[in-house]
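Here the structure is laid out as structure tokens; the discussion comes afterwards.
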Amino acid sequence: MDANRRAFLGTAALGAGGLVALTQQAAAAGGATDHGPAGAGGFGRDVQQLPPGAQVAYHDPKDVGAMPDFRFSLDGNVPKITSGGWAKEATVHQFPISKGIAGVHMFLDPGASRELHWHAIAAEWAYVIDGRCQTVVLDPSGASEINNYEPGDLWFFPKGHGHSIQTIGDKPCHFILSFDNGAFSEHGTFSITDWIDVSPKDMLALDFGLPKEALNAFPKGEAYIQAGPVIPISQALDAPWPKESTHKFRLLKDPRAVRDFDGGTFRLATVDEWPVSKSMSGGVMTIRPGQMRKFHWNVNANEWHFYLKGKGQVALFGSGGRGKVADFVPGDVAYIPMGFGHAIKNVGDEDLEIIQTWDNGKFEEIDLDAWIKASPNYLVANNFAGVPAETIAKLKQG
């Protein structure tokens, strides 16, 4: 007879009275606990049932890392200002939890341009909040695309692709940028003015067919955001790619983006709707006053928020019995690590608007109530021992 069968029969022979006695022995030995003596329970195949311990497990704070802060005021950060506008950033350097995603709020004056540049370590996702702008992007095949944007539009540039942004029309333009690497900083872009400035003039002259002296007129250092004359919208060239992998997506106008839920609206673009966006998904969520995006977790990605309007509250759940709640106002960002449970509630008296991104082109999440509904009644009742049957039934109904 193997050890498992012997252990089972021995436990069965105890009966209810024996188990009560074991429980009393455990209590007499110092109270119910979820930690026993080293080696208790046996080894390998030679294992046996132990007396019942604590009714619920205890998490010693020394054994579990502290729940990190997951709120940061992006718009309260110091702006980087040049002749044509400004930018504020939230990276892992200022916001330590934000390891997978960094964010920037950028403002371009009329006529200004964010110079030609590329990112070596991150792709760029953007949502236009207000104003109009134009992007130019060049991919490794040599193909280029020029697109004009208005509020509610998105762009996506894969890592390493050369690009630029310029305001069109007589109104400023501002937008949120999100990057799929928390270490990415606006101070770490590869900018064309920097490149020209630090390169040998004789080599540049040979490359461009210019007299060496002509290079003396180029900027000394990084222009970053450069002031310039206003470009009338009617004169702004628009040359999109005539193919599915365009870098532009009309988030607020494309019906494929609609994913509304009880309590609000959600517009989302993933790689399924927008093939170029292979490493990021993103969109805009609006939650009505007093309503919430219910408890859920993201299976395959970190989640990043920028709060546009209203007052929100996020309840975050981490493994090891950790939980933290934080309040958010316009200009704040939140970071939800992959797999952490969370819910978002509108605690104000106006709509709560949030720009959200994920560092995966595929969007995957699981709702807490759907999980409970999919589980057998007896399993749910066992997990929530002591909860009345009628309450369990309501949990299952939703």
Nearest 0.5 angstrom please: D238 CG to N148 CG, how far?
4.0 Å

Would a 4.5 Å heavy-atom cut-off, applied to side chains only, mark M106 and E186 as touching?
yes

Would D332 and R71 satisfy salt bridge (charged side-chain N to carboxylate O under 4.0 Å, His left out), going step by step from the backbone distance to the final call?
CA-CA 7 Å; D332 287 346; R71 175 197 165 274; 3.0 Å; yes

Under 3.5 Å donor-acceptor, E145 side chain and H247 backbone
yes

Donor-acceptor pairs are to be reported for all side-chain atoms of residues 150-161 against protein atoms at under 3.5 Å, with residues two or more places apart or in another chain.
residue, atom, partner, partner atom, Å
E150, OE2, R250, NH2, 3.0
E150, OE2, K253, NZ, 2.8
D153, OD1, R250, NE, 2.5
D153, OD2, E150, N, 3.0
D153, OD2, R250, NE, 3.1
W155, NE1, E124, OE2, 2.9

CD1 of I233 to NZ of K171, rounded to nearest 0.5 Å, is 9.5 Å

Taking S191 for the side chain and D194 for the main chain, is one N or O donor matched with an acceptor at less than 3.5 Å?
no

Residues forming a side-chain hydrogen bond (donor to acceptor under 3.5 Å, both in side chains) with D109, sequence neighbours excluded
none

Just by distance, with hydrogens left out, do T135 and N147 show a side-chain donor and acceptor under 3.5 Å apart?
no

Taking the six-membered ring for Trp, is the centroid-to-centroid distance between W304 and Y335 below 6.0 Å?
no

Can you tell me how far NZ of K345 sits from CZ of R293, rounded to the nearest 0.5 angstrom?
15.5 Å

Under 4.5 Å between any side-chain heavy atoms of K311 and D327, yes or no?
no

Reference residue W297; test ring pair (Phe, Tyr, Trp, His ring centres under 6.0 Å); the match among W371, F340, F317
W371

Using atom types as modelled, flag every donor-acceptor pair under 3.5 Å from a side chain in residues 348-357 to any protein atom, sequence neighbours excluded.
residue, atom, partner, partner atom, Å
Q356, NE2, E303, OE2, 3.4
Q356, NE2, H305, NE2, 3.2
T357, OG1, S178, OG, 2.8

Should we count CZ of F295 as having more than 12 external heavy atoms under 6.0 Å?
no

Say you draw a straight line from CD1 of I97 to CG of L316; how long is it, rounded to the nearest 0.5 Å?
6.5 Å

Donor-acceptor contact below 3.5 Å, side chain E115 vs main chain T193
yes

Can you say whether the rings of F184 and H119 are parallel (under 30°), tilted (30 to 60°) or perpendicular (over 60°)?
perpendicular

Would you tell me whether Q291 and N346 have side-chain atoms, one donor and one acceptor, within less than 3.5 Å of each other?
no

I'd like to know if D262 pairs up with R288 as an ion pair, taking the criterion as any Lys NZ or Arg NE/NH1/NH2 lying under 4.0 Å from an Asp or Glu carboxylate oxygen.
no

Please check this pair: side chain of K396 against backbone of I372, looking for a donor-acceptor N/O pair closer than 3.5 Å.
yes

Lys/Arg-Asp/Glu bridge criterion (N-O < 4.0 Å) met for E273, R267
no

Any sub-3.5 Å donor-acceptor pair from T391's side-chain atoms to V387's backbone N or O?
no

Taking D130 for its side chain and C173 for its backbone only, find out whether a donor-acceptor pair lies under 3.5 Å.
no

N-O pairing of D69 and K324 below 4.0 Å:
yes

Spell out, as yes or no, whether a donor-acceptor pair under 3.5 Å connects the side chain of S83 to the backbone of A227.
yes

The test is side-chain hydrogen bond (donor to acceptor under 3.5 Å, both in side chains); show your working for D180 and S279 and say whether it passes.
CA-CA 7 Å; D180 58 0; S279 65; 2.7 Å; yes

Tightest non-hydrogen contact, residues L215 and A205, listed as CD1-N, 3.8 Å

Donor-acceptor pair, N298 side chain versus N300 backbone, under 3.5 Å?
no

Less than 4.0 angstrom from a charged side-chain N to a carboxylate O is my criterion; do D272 and R256 meet it?
no

More than 12 foreign heavy atoms under 6.0 Å from NE2 of H187: is that the case here?
yes

Any side-chain heavy atom of V271 within less than 4.5 Å of one from K362?
yes

Regarding E89 and S185, is there a side-chain donor-to-acceptor distance under 3.5 Å anywhere?
yes

Describe, in one word, how the ring planes of F328 and Y307 are oriented to each other, choosing from parallel (under 30°), tilted (30 to 60°) and perpendicular (over 60°).
parallel

Will you find, in the side chains of Q226 and S113, an N or O donor that is under 3.5 Å from an N or O acceptor?
no

Under the 3.5 angstrom rule, does the side chain of D34 hit a backbone N or O of Y58 as a donor-acceptor pair?
yes

Output the distance between atom CG (D369) and atom CG (L395), rounded to the nearest 0.5 Å.
9.5 Å

Is a donor on one side and an acceptor on the other found under 3.5 Å between the side chain of K220 and the backbone of F218?
yes

